[in-house]
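Below, read A as the first sequence line, B as the second, and so on, with proteins coming before strands; counting in each chain starts at 1.
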There are 2 protein chains.
Amino acid sequence: MSTGPKQALYSEFAAIGRALGHPHRLEMLEHLGQRERGVEALAQRVGLTVANTSQHLQHLRRAGLVKSRRQGKFVLYSLADESVTTLLGALFQVGERNLAEVDRVLRGYFSERDSMEPVTPEELLERTREGLVTVLDVRPPDEFAAGHLPGAINIPLSELEERVGELADGREVIAYCRGPYCVLSFEAVAALRERGIPARRLEDGLPEWRAAGLPLEEA
Amino acid sequence: MSTGPKQALYSEFAAIGRALGHPHRLEMLEHLGQRERGVEALAQRVGLTVANTSQHLQHLRRAGLVKSRRQGKFVLYSLADESVTTLLGALFQVGERNLAEVDRVLRGYFSERDSMEPVTPEELLERTREGLVTVLDVRPPDEFAAGHLPGAINIPLSELEERVGELADGREVIAYCRGPYCVLSFEAVAALRERGIPARRLEDGLPEWRAAGLPLEEA
DNA sequence: GCTACATTCAATTTATCGCTTGAATGTTAT
DNA sequence: ATAACATTCAAGCGATAAATTGAATGTAGC
């Protein structure tokens with residue numbers, strides 16, 4: 001085993017692969033794609049102990065997937081840059097295209113996925129310009145505040161039922177949330193359709209929109 | 001830890017990550033990106049035993065990164081599809097942008113990397129159309145035969161010195177090989193420049209060209 | 001059917017990973 | 001300074017992965 005440049009590089013790249021190789025870390029990356037978070041806040045969201053979360057975060061940092069900065073008592077973690085979102089997208093695409101089990105899960109839990117005909121970013125931009133649609137962000141308010149689509153209104157899924165009146169102006173609703181596998185927007189679309197409001201899903205979530213360089217309203 | 005759809009999906013995606021998490025497997029993917037290979041041929045190229053190679057290949061197959069087909073006595077493996085090349089490219093980009101160690105290795109071993117100003121596919125296509133350049137494939141003949149850039153000539157690096165006359169027609173040479181970290185084209189460009197032949201590197205290798213959907217001459 | 005050969009499987013050893021627990025570090029606020 | 005708190009470190013245990021070896025499977029060709 002010579003220690004040529006290729007071996008050295010592939011060892012480094014393999015470390016990135018290993019960092020992607022745990023479901024909890026992928027979930028952490030999804031959350032960090034919404035906004036930066038402290039260790040404890042993140043631990044709570046993914047249901048792990050603080051110490052365990054801290055270790056996973058350091059694993060991710062060593063692999064160059066996240067970065068951290070200190071603010072007072074807190075250490076805030078976020079994605080290293082947009083290339084991480086691109087990498088996750090590529091990972092998901094390989095899974096969707098080549099793993100039968102992924103296909104099975106998608107069909108089982110996201111059966112609407114096929115019938116819902118998700119909206120592309122291009123279509124959303126065009127129809128927003130024409131004033132034909134309402135863009136709905138169903139994530140929690142703090143994530144919305146950290147950055148959202150231009151003109152989007154924020155109704156967390158938990159409040160959708162009581163606030164559905166805000167959307168009943170006849171325009172089609174396009175809902176989005178954290179990413180392609182985030183259930184929030186699926187459920188929002190289902191709930192809206194039940195109430196007779198035309199609704200579709202944006203095909204991706206906020207991180208993908210940002211990584212594509214599309215316009216955002218940021219804090 | 002509920003077993004909701006997200007957990008199920010992230011477990012699958014994490015398996016892809018783990019499959020990327022070993023330098024030997026990354027090297028195998030680079031080779032399989034050139035052409036399909038049997039187990040023994042691949043084992044020889046990466047310097048592993050046949051049994052070990054077989055196990056790695058099955059790991060890669062379970063993760064949806066490679067596929068196999070039987071031909072006579074041989075089982076031929078190849079990349080599952082172009083999305084795998086895209087994934088590898090995204091992995092490399094994260095490493096280049098966020099890992100200091102990768103940067104250090106690249107500067108150390110590929111010091112020409114900055115001064116060489118690699119050629120983009122677009123530029124290559126345009127200058128080929130104008131007849132201004134010679135496209136040089138420095139990979140082994142069998143890989144060349146399995147697919148190469150339109151109009152490219154094949155001179156393996158080992159034969160470059162003796163066959164350099166074939167390139168001395170005054171046109172600039174654009175060399176490429178297996179991928180962004182393949183040393184063959186770096187060395188070819190250095191050798192040609194030493195002999196006064198203007199030469200540059202294509203920024204990526206054959207698999208990336210193919211994944212971009214650009215034209216190929218295939219077997 | 002039998003032999004040759006490519007590939008895969010099974011069993012083993014060694015190393016690494018993931019999680020827990022409890023202590024240590026470093027920053028803020030009094 | 002000291003107390004409070006967020007985060008990280010260190011040690012330990014069970015589980016998983018990598019490489020080696022030798023046996024088993026499956027296909028081709030006679």
List DNA chain C stems (3 or more consecutive Watson-Crick/G-U pairs, under 3.5 Å)?
C:1-30 with D:1-30
Name the residue closer to the 5' end of DNA chain C, choosing between Gly72(A) and Val39(B) according to the nucleotide with the nearest heavy atom.
Val39(B)
Between Trp209(B) (side chain) and Pro215(B) (backbone), is there a donor-acceptor pair under 3.5 Å?
yes
To the nearest angstrom, how far is Arg70(B) atom CZ from dT27(D) atom P?
5 Å
Could you give the CZ-to-C1' distance, from Arg61(A) to dC9(D), as a whole number of Å?
13 Å
Let me know the distance between OH of Tyr77(A) and P of dA6(D), rounded to the nearest Å.
15 Å
What does nucleotides 12-22 of chain D look like as a protein-contact string, B for base, S for sugar-phosphate only, - for none, at under 4.0 angstrom between heavy atoms?
-----SSBBB-
Identify the two heavy atoms, one from Glu36(B) and one from Ser78(B), that lie closest to each other, and give their separation to 0.1 Å.
CB-CB, 3.7 Å
Quick one: does any side-chain atom of Tyr77(B) pair with a main-chain N or O of Leu42(B) as donor and acceptor, under 3.5 Å?
no
Have Thr85(A) and Arg210(A) got a donor and an acceptor in their side chains that come within less than 3.5 Å?
no
For His24(A), which of Thr53(A), Leu48(A), Val46(A), Leu29(A) qualifies under side chain to side chain contact (heavy atoms under 4.5 Å, CB included)?
Leu48(A)
Hey, do the aromatic rings of Tyr181(A) and Phe13(B) have their centres closer than 6.0 Å?
yes
Using atom CD of Gln58(A) as one end and atom P of dA10(D) as the other, report the distance to the nearest whole Å.
10 Å
Quick one: do His59(B) and Arg25(B) satisfy side-chain hydrogen bond (donor to acceptor under 3.5 Å, both in side chains)? Show the steps, please.
CA-CA 9 Å; His59(B) 199 150; Arg25(B) 285 195 290 266; 3.2 Å; yes
In the 5' to 3' direction, the nucleotides of DNA chain C bounding the stretch that comes under 4.0 Å of a heavy atom in chain B are dC5(C) to dA10(C)
Taking the six-membered ring of Phe186(B) (Phe, Tyr or Trp), confirm whether the NZ or CZ of Arg201(B) is under 6.0 Å from its centre and within 45° of its axis.
yes
Looking at Leu76(B) and Gly38(B), what are the two nearest heavy atoms and their distance?
CD2-N, 3.6 Å
Can you establish whether the number of heavy atoms outside Glu218(B) located under 6.0 Å from its atom CD is more than 12?
yes
Exercise: identify the closest heavy-atom pair between Leu57(A) and Val66(A):
O-CG2, 3.9 Å
